[in-house]
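Below you'll find the structure, written out as C-alpha cells, and then a few comments.
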Amino acid sequence: MIKLLLVDDSELITGGLAVLLGVEADLTVVKCVDRGEEAVRICQQQTIDVVLLDVRMPGMSGVEATKHITETTDTKVIILTTFDEDEYIVEGIKNGAVGYLLKNTEPQQLIQAIRSVMKGQSILSQDVLEKAKQGFQPVKKTADLTSLTPREVEITRLVAAGLSNKQIAVQLYLTEGTVNNSLSTILHKLELDHRTQVAIYYLTGKAGDHDAAF
C-alpha cells in the first residue's frame, strides 16, 4: 500500500485528489494539509511514501518544503504546478523532487506517476518539459555528452523526449534491464541524480544541481 500525503491550500484540489486516489486498491491518502510546514512535520513523524505538493502556499513554499522533506525523510515528492509557476521547475528538481506535473494531468497519468516514482523512476510531464525548455532557451548551451557512448547519447535523447525506460527499450531493441543499467551509467558519467536532470541537461546544457544560475 502506497501511503500518500496531499498538500495544497485549496480544499477543492485536495478533496478531489483524495476521492480520485482513494478508489485505487494500492493507494491510501493518509492526510490532506494546506501548509508546507505541516507537510514537513508529518513526513518526519509518520511513514509517508509519496507527497503530492503544491508550489504556492502561505508560509513555506512547496519547493522549500521539498528540500526539508527530501533531506530528512525517505518520502518521495511529486510537485503539482500550473503554467504560471514554471519558474519553480528547476528549483523543485534541485531540492529533490522526483516528479513535476501539471494540476490538469489526466487522472490515470497521475496515478501511474505515483506508482512509477515508487519504482525509482522520476516523472516530468511533457508539458512541463516543454515549458522548461522554452524558459531556458535564452541561456542555452550545448550539453557535453562526450563522455557517453553513442548508445548512451541516444538513450539520453529519448529520456529528454519524455520516453519511459520501457518505451526506450522497445524503440532501441534493447531489454528494459539494459536501459536501466545504461541510465545508471549515464547519471554517473554526467554527475546527475535522476532522469529529470538528464532531460534538462540534454535540452539546456545545464545541470540543475551544479549550476544555480538559470
Give a yes or no on whether the backbone of [Y] and the side-chain of [X] come within a donor-acceptor separation of less than 3.5 Å.
X      : Y      : value
Asp9   : Asp34  : no
Thr75  : Ile48  : yes
Gln197 : Asp193 : yes
Asn95  : Ala97  : no

Roughly how far apart are [X] [atom1] and [Y] [atom2], rounded to 0.5 Å?
X      : Y      : atom1 : atom2 : result
Lys166 : Gln121 : NZ    : CD    : 11.0 Å
Leu53  : Glu64  : CG    : CD    : 11.0 Å
Arg41  : His68  : CZ    : NE2   : 14.5 Å

Only counting residues at least two apart or in another chain, list the ones meeting salt bridge (charged side-chain N to carboxylate O under 4.0 Å, His left out) with [X].
X      : result
Glu24  : Arg115
Lys31  : Glu38
Arg151 : none
Lys76  : none

- Message: Within a 6.0 Å radius of atom CG on Asp26, are there more than 12 heavy atoms belonging to other residues, nucleotides or ligands?
- Response: yes
Heavy atoms, side chains only, cut-off 4.5 Å: are [X] and [Y] in contact?
X      : Y      : result
Ile42  : Val51  : no
Gln167 : Leu158 : no
Leu192 : Leu187 : yes
Gln46  : Leu5   : no
Tyr202 : Leu190 : no
Ile2   : Leu27  : yes
Leu101 : Leu52  : no

- Task: Test side-chain contact (heavy atoms from CB on, under 4.5 Å) on Thr28 and Leu4 and set out the steps.
- Result: CA-CA 6 Å; Thr28 181; Leu4 306 173; over 6 Å; no
- Task: Check each of Ile186, Asn165, Thr156 against Arg195 using the side-chain contact (heavy atoms from CB on, under 4.5 Å) test, and report the only one that passes.
- Result: Asn165
- Exactly one of Leu148, Thr149, Ile168 clears side-chain contact (heavy atoms from CB on, under 4.5 Å) with Ile155, and that residue is Ile168
- Check whether Val170 and Val179 end up in the same hydrophobic cluster, where Ile, Leu, Val, Met, Phe, Trp and Tyr are linked by side-chain heavy atoms less than 4.5 Å apart. no
- Task: Decide yes or no on side-chain contact (heavy atoms from CB on, under 4.5 Å) for Val40 and Ile69, but give the supporting numbers first.
- Result: CA-CA 6 Å; Val40 174; Ile69 291 170; 3.9 Å; yes
- Task: Would you check, one step at a time, whether the test side-chain contact (heavy atoms from CB on, under 4.5 Å) holds for Val117 with Val50?
- Result: CA-CA 8 Å; Val117 300; Val50 179; 3.9 Å; yes
- Message: Tell me every residue that passes side chain to side chain donor-acceptor pair (under 3.5 Å) with Thr72, counting only those two or more places apart in sequence or in another chain.
- Response: Gln44
- Item | Contacts of Thr175 that satisfy side chain to side chain donor-acceptor pair (under 3.5 Å) - sequence neighbours left out | Thr178
- For side-chain contact (heavy atoms from CB on, under 4.5 Å), just list the numbers for Val55 and Tyr100, CA-CA rounded to whole Å, side-chain angles, deciding distance to a tenth of an Å, and then say yes or no. CA-CA 10 Å; Val55 170; Tyr100 213 107; 3.9 Å; yes
- Short N-O contact, Arg157 and Glu154, less than 4.0 angstrom: yes
